[in-house]
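Atoms considered below: every heavy atom in the structure, side chains included; atoms not considered: hydrogens, waters and symmetry mates. Residue numbering restarts at 1 for every chain, and letters A, B, ... go by the order of the sequence lines. None of the values given here were measured: they were computed from a predicted structure.
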Amino acid sequence: MNEEKKAYDPKEAEARIYPEWEKSGLFNPDNHPKKDGKPFVILMPLPNVTGSLHMGHAFQITLTDALIRYRRLKGDTVAWLPGTDHAGIATQNVVEKELRKEGVSRFDLGREAFIARVWEWKEKYGGIIFGQLRTMGASCDWSRSRFTMDPAYAEAVMKAFVHYHEKGLLYRALRTVSWCVRCHTGISDLEVEHEEKDAVLYHIQYGPFVVATTRPETKFGDMALAVNPRDLRYADHIGKDVEIETLDTEGSLDEPRKKKDGLIVVGDEAADIAFGTGIIKVTPAHDIADYEISKRHSMPMLQVIDDRGKMMAVTGKYAGMKVAEARKKVVDDLRATGLLVKEEAYRHNVSVCSRCATPIEPLPSWQWFLKMGELAREAKDAVVTGKTRIIPENFQTTYFAWLENIRDWCVSRQLWWGHQLPVWFCENAQEEIRNSKKEIRNPNGDGRYVVALEKPGTCPFCKKCAMKRSEDVLDTWWSSALWPFAAMPEKDLERFYPSSVLITARDIINLWVGRMIFSGLEFKGAVPFPDVFIHATILTKDGRRMSKSLGTGIDPLTLVEKYGADALRFGIAWQAMGTQDVRWDETAVMAGKKFANKLWNAARFVAGRPGTGTAYDEAKLGSHDALVLQKLAAAKRAVEESLDKYEFGQAIHAAYDFFWKEYCDTYLEAAKAEPSSETDAVLRAVLRDSLMLLHPFMPFVTEAIWTDLPGTDGLLMGASW
RNA sequence: GCGCCCUUAGCUCAGUGGUAGAGCGUUUCAUUGACAUUGAAAAGGCCGAAGGUUCGAUCCCUUCAGGGCGCACCA
């Protein structure tokens, strides 16, 4: 320690110490002196390869590393397993955006070249976040890092697909699904978000009835009208055709005309007597609820909007218009022909793509679905029976709500970046479809395919074609669901599965945690972790969400630059009290910087005392000495108890209070007044233990002091609690 | 719409069935002595509102107000 340096210099220490830790090999449990302890394993929630460190990561890394370092000191065999997620849609979007700047689309490049481009991008930027995690002091076992598209990982992904297919849980179907016209893919229910927006509820004349709808432009795909069977106003019409007047799609855009048509009236509980006029126009191709009604009544469907969000040929003169434009025109024409009865201002939830916020366009398409019934039941049971605890408990509600209303998981995506499905189609069958007159939008719409890890040698259907691989890829969450075990060597699997606790954010409880739970049960016969700790979300000081697009984000790296990594970690842990959202307060980080300095200077004082090299004799202790030792023991207990309950804030408050008040302000001052060699020895011993108490939260400064403290050898991170 | 959570000092948050706590901020005093990134002290709160239970409530119950979140196929 440099005697002349009165202030702690985090930059110098951090730059020096992290490489020392890495060089020591202690991050890897196999090199750790305590490699035969009880395994303590944490799976890192996979950052996207598109990612760079944000406050959410910083929060999670701080808490996880605190626990990891604590358990390592306590003598467990600790493994914190890092990795990155290929993040299908997110990454594809980023690279497409980059291409757009060059004036090219992915279609200009073609699939192969585009994927090569994404890989290039991944190689260049995919590891950036790991460097940032190092800056934060994360003590991960980098030697065990995995990427969800590593060859071994890809193999596990493919095997899981084949497994579910053989078990009859995976099937292919033509369904109206949530579709993003911008990302150009179907997405799952969990990737749909709802935004409250102002809209207009149009009341439209349908023969003798009036129907209220927010989407008049889909009327060309109407297959029926639905009323509630208990609705006395309409009950007599159920099962009957009604003649209606509707817009004529022929002719010129300038001359709106009416024509006669017929629609059947069905009785269905989905129709809410109290809403609108109580009548639904059933448009199975463009509304998921309507699709479900259509299934119950065996109706056909007619697609009128295409996968780019444009009106299709069947809409005649409206063909080619974008949805918004078509809506406006259709409303004008309805008004001109007298079919528009009323317009009503209406505030409702609009479904948007969670990736790009584009309004969802429900469309019929061929997709693969994983049957959720049995898997969901098992996933629920795991939490009900306590095999996995969700902490805090009230997040169980989120989990159960999802599992109880769950629909089959749409796992296929019409993207290029991702795990291509191990599905092989008969080319001749596809050719037939292309030549047939039937309107089948997806050329994969034929049943002649094989699900297999390897491409079949001969086509079992036509015996001559080469067979063509499905162009779809898997939902990115399919591969992350396998994270607790995929591509893990057998030797590691024995020790590291199941892991000890998962520390993650609440927005992926269902997207990720739930899916890991049923995948773990399915493939390993055991839940992947006994505890799931859901940490708080960090908000801005005025209570808004931190978001890049709103410009409300705070960059943790800037804070590290300004105050040091320990200070940031301190500030985060200090505020991690309950699980209530945290309104970010930078003064806690400043307090952390001051505290690091306090530690540093206390150590300088102790180093300057003559008697610190020896052990103290308990018999010779004075009352101050005994008291500080007693307070230390209490603080130690408080830290242990708090960390065992994932109460990080409470833990660091206890350590802070002890060190600043009891040790520095009280004991150290008393030691100045009545110096003795026993006191010097106690000063040293208590400092040593304090460093250990604080190391999980402030690893750099404690390590820096430890190295120079008499009576310690090796690194603090490898020491014993 | 249903469900969950929050409301305590100027700010961000702890906390307990029985004189209210921390960090930061504010005020006063101390200064070459580990640290001014300091020490000592002080000011500052009818613990969101109204009822109820209780000998007693900031804490338990009910209702209300404000804020947040989750879920939902109201067209």
### Residue pairs, two or more places apart or on separate chains, that pass salt bridge (Lys or Arg N to Asp or Glu O under 4.0 Å) and touch residues 282-291 of chain A
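Counting only pairs at least two positions apart or across chains, no salt bridge (Lys or Arg N to Asp or Glu O under 4.0 Å) contact touches residues 282-291 of chain A.
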### Message
Tell me which pairs pass ring-ring contact (aromatic ring centres under 6.0 Å, His included) where either residue lies in residues 666-687 of chain A, with sequence neighbours left out.
### Response
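For residues 666-687 of chain A: none.
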### Side-chain donor-acceptor contact under 3.5 Å, A:Glu191 with A:Ser188
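There is such a pair (donor and acceptor under 3.5 Å, judged by atom type) between the side chains of A:Glu191 and A:Ser188.
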### Query
Can A:Thr398 and A:Asn510 be counted as having a side-chain donor-acceptor contact under 3.5 angstrom?
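Distance-only check fails for A:Thr398 and A:Asn510.
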When you check the phosphate oxygens OP1 and OP2 of [N], does a side-chain N or O of [X] lie under 4.0 Å from one of them?
| X | N | result |
| --- | --- | --- |
| A:Lys598 | B:G39 | yes |
| A:Gln396 | B:C4 | no |
| A:Lys661 | B:G23 | yes |

### Query
What base-paired stems does RNA chain B take part in, with at least 3 consecutive Watson-Crick or G-U wobble pairs and both distances under 3.5 Å?
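Listed by first number, the stems are B:1-7 with B:65-71, B:10-13 with B:21-24, B:26-30 with B:38-42, B:48-52 with B:60-64.
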Given the [atom1] atoms of [N] and [M], what is the spacing between them in whole Å?
| N | M | atom1 | answer |
| --- | --- | --- | --- |
| B:G48 | B:A65 | C1' | 8 Å |
| B:U26 | B:C11 | C1' | 12 Å |
| B:A49 | B:G44 | C1' | 23 Å |
| B:A14 | B:G51 | C1' | 28 Å |
| B:A9 | B:G15 | P | 15 Å |
| B:U8 | B:G21 | C1' | 10 Å |
| B:C47 | B:G1 | C1' | 33 Å |
| B:G52 | B:G17 | C1' | 16 Å |

Return the value, rounded to whole Å, for the distance between atom [atom1] of [X] and atom [atom2] of [N].
| X | N | atom1 | atom2 | answer |
| --- | --- | --- | --- | --- |
| A:Lys593 | B:C35 | NZ | P | 17 Å |
| A:Ile652 | B:A14 | CD1 | C1' | 14 Å |
| A:Leu263 | B:A75 | CG | P | 20 Å |
| A:Tyr8 | B:C35 | OH | P | 18 Å |
| A:Lys645 | B:A14 | NZ | P | 15 Å |
| A:Met577 | B:C6 | CE | P | 14 Å |
| A:Lys562 | B:U37 | NZ | C1' | 14 Å |
| A:Arg604 | B:A34 | CZ | P | 9 Å |

Name all residues meeting the salt bridge (Lys or Arg N to Asp or Glu O under 4.0 Å) criterion together with [X]; count only those two or more places apart in sequence or in a different chain, and write none if there are none.
| X | answer |
| --- | --- |
| A:Arg230 | A:Glu269 |
| A:Asp189 | none |
| A:Glu678 | none |
| A:Glu404 | A:Lys380 |

### Message
Ring centres under 6.0 Å, that's the criterion: do A:Phe570 and A:Phe697 meet it?
### Response
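No, ring centres 6.0 Å or more apart.
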### Message
Does the structure place the NZ or CZ of A:Arg569 under 6.0 Å from the centre of the six-membered ring of A:Trp574, at an angle of no more than 45° from the ring's axis?
### Response
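No, A:Arg569 and A:Trp574 do not form such a contact.
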### Query
Cationic tip of A:Arg175 within the cone over A:Phe369's six-membered ring, i.e. under 6.0 Å and within 45° of the normal?
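Geometry flag: set, cation within 6.0 Å and 45°.
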### Query
Parallel under 30°, tilted from 30 to 60°, perpendicular over 60°: which one fits the rings of A:Trp409 and A:Phe518?
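Because their plane-to-plane angle is over 60°, the rings of A:Trp409 and A:Phe518 count as perpendicular.
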### Contact letters for nucleotides 24-33 of chain B, in which S counts primed atoms plus P, OP1 and OP2 and B counts the base, heavy atoms under 4.0 Å
S---------
Would you list the atom pairs, donor with acceptor, under 3.5 Å between side chains in residues 650-664 of chain A and any protein atom, with sequence neighbours excluded?
{"unit_1": "A:His653", "atom_1": "ND1", "unit_2": "A:Gly649", "atom_2": "O", "d": "2.8"}
{"unit_1": "A:Tyr663", "atom_1": "OH", "unit_2": "A:Leu683", "atom_2": "O", "d": "2.7"}

Distances under 3.5 Å only, N/O to N/O: pair up the protein atoms with those of nucleotides 68-74 of chain B.
{"unit_1": "B:A72", "atom_1": "N6", "unit_2": "A:Asn349", "atom_2": "ND2", "d": "2.4"}
{"unit_1": "B:A72", "atom_1": "N1", "unit_2": "A:Asn349", "atom_2": "ND2", "d": "3.4"}
{"unit_1": "B:C73", "atom_1": "OP1", "unit_2": "A:Arg407", "atom_2": "NH2", "d": "3.1"}
{"unit_1": "B:C74", "atom_1": "O2", "unit_2": "A:Asp272", "atom_2": "OD2", "d": "2.4"}

Indicate, with a heavy-atom threshold strictly under 4.0 Å, whether [X] touches base, sugar-phosphate, or nothing.
| X | value |
| --- | --- |
| A:Trp574 | sugar-phosphate |
| A:Gly592 | nothing |
| A:Ala271 | base |

### Sole residue of A:Ile508, A:Ile391, A:Asp507, A:Thr504 in side-chain contact (heavy atoms from CB on, under 4.5 Å) with A:Ile534
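Of all the options given, the one that passes is A:Thr504.
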### Query
So does A:Lys636 have more than 12 non-hydrogen atoms from other groups sitting under 6.0 Å from NZ?
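Yes.
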### Task
Give, ordered by number, those residues of residues 662-671 of chain A having at least one heavy-atom distance below 4.0 Å to an atom of RNA chain B; if nothing qualifies, reply none.
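Output list: A:Cys664, A:Asp665, A:Leu668, A:Glu669.
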Less than 3.5 Å apart, which donor and acceptor atoms pair up between the side chains of residues 209-227 of chain A and the rest of the protein, not counting sequence neighbours?
{"unit_1": "A:Thr213", "atom_1": "OG1", "unit_2": "A:Arg215", "atom_2": "N", "d": "2.9"}
{"unit_1": "A:Arg215", "atom_1": "NE", "unit_2": "A:Glu217", "atom_2": "OE2", "d": "3.0"}
{"unit_1": "A:Arg215", "atom_1": "NH1", "unit_2": "A:Glu361", "atom_2": "OE2", "d": "2.9"}
{"unit_1": "A:Arg215", "atom_1": "NH2", "unit_2": "A:Glu217", "atom_2": "OE2", "d": "2.9"}
{"unit_1": "A:Arg215", "atom_1": "NH2", "unit_2": "A:Glu361", "atom_2": "OE1", "d": "3.4"}
{"unit_1": "A:Arg215", "atom_1": "NH2", "unit_2": "A:Glu361", "atom_2": "OE2", "d": "2.8"}
{"unit_1": "A:Glu217", "atom_1": "OE1", "unit_2": "A:Arg327", "atom_2": "NE", "d": "3.0"}
{"unit_1": "A:Glu217", "atom_1": "OE2", "unit_2": "A:Arg327", "atom_2": "NE", "d": "3.4"}
{"unit_1": "A:Glu217", "atom_1": "OE2", "unit_2": "A:Arg327", "atom_2": "NH2", "d": "3.0"}
{"unit_1": "A:Thr218", "atom_1": "OG1", "unit_2": "A:Arg215", "atom_2": "O", "d": "2.9"}
{"unit_1": "A:Thr218", "atom_1": "OG1", "unit_2": "A:Lys281", "atom_2": "NZ", "d": "2.6"}
{"unit_1": "A:Lys219", "atom_1": "NZ", "unit_2": "A:Thr246", "atom_2": "OG1", "d": "2.5"}
{"unit_1": "A:Asp222", "atom_1": "OD1", "unit_2": "A:Lys281", "atom_2": "NZ", "d": "3.1"}
{"unit_1": "A:Asp222", "atom_1": "OD1", "unit_2": "A:Thr283", "atom_2": "OG1", "d": "2.9"}
{"unit_1": "A:Asp222", "atom_1": "OD2", "unit_2": "A:Tyr206", "atom_2": "OH", "d": "2.5"}

### Query
Between A:Gln575 and A:Val211, which has a closest nucleotide on RNA chain B that is more 5'?
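Counting from the 5' end, the first nearest nucleotide belongs to A:Gln575.
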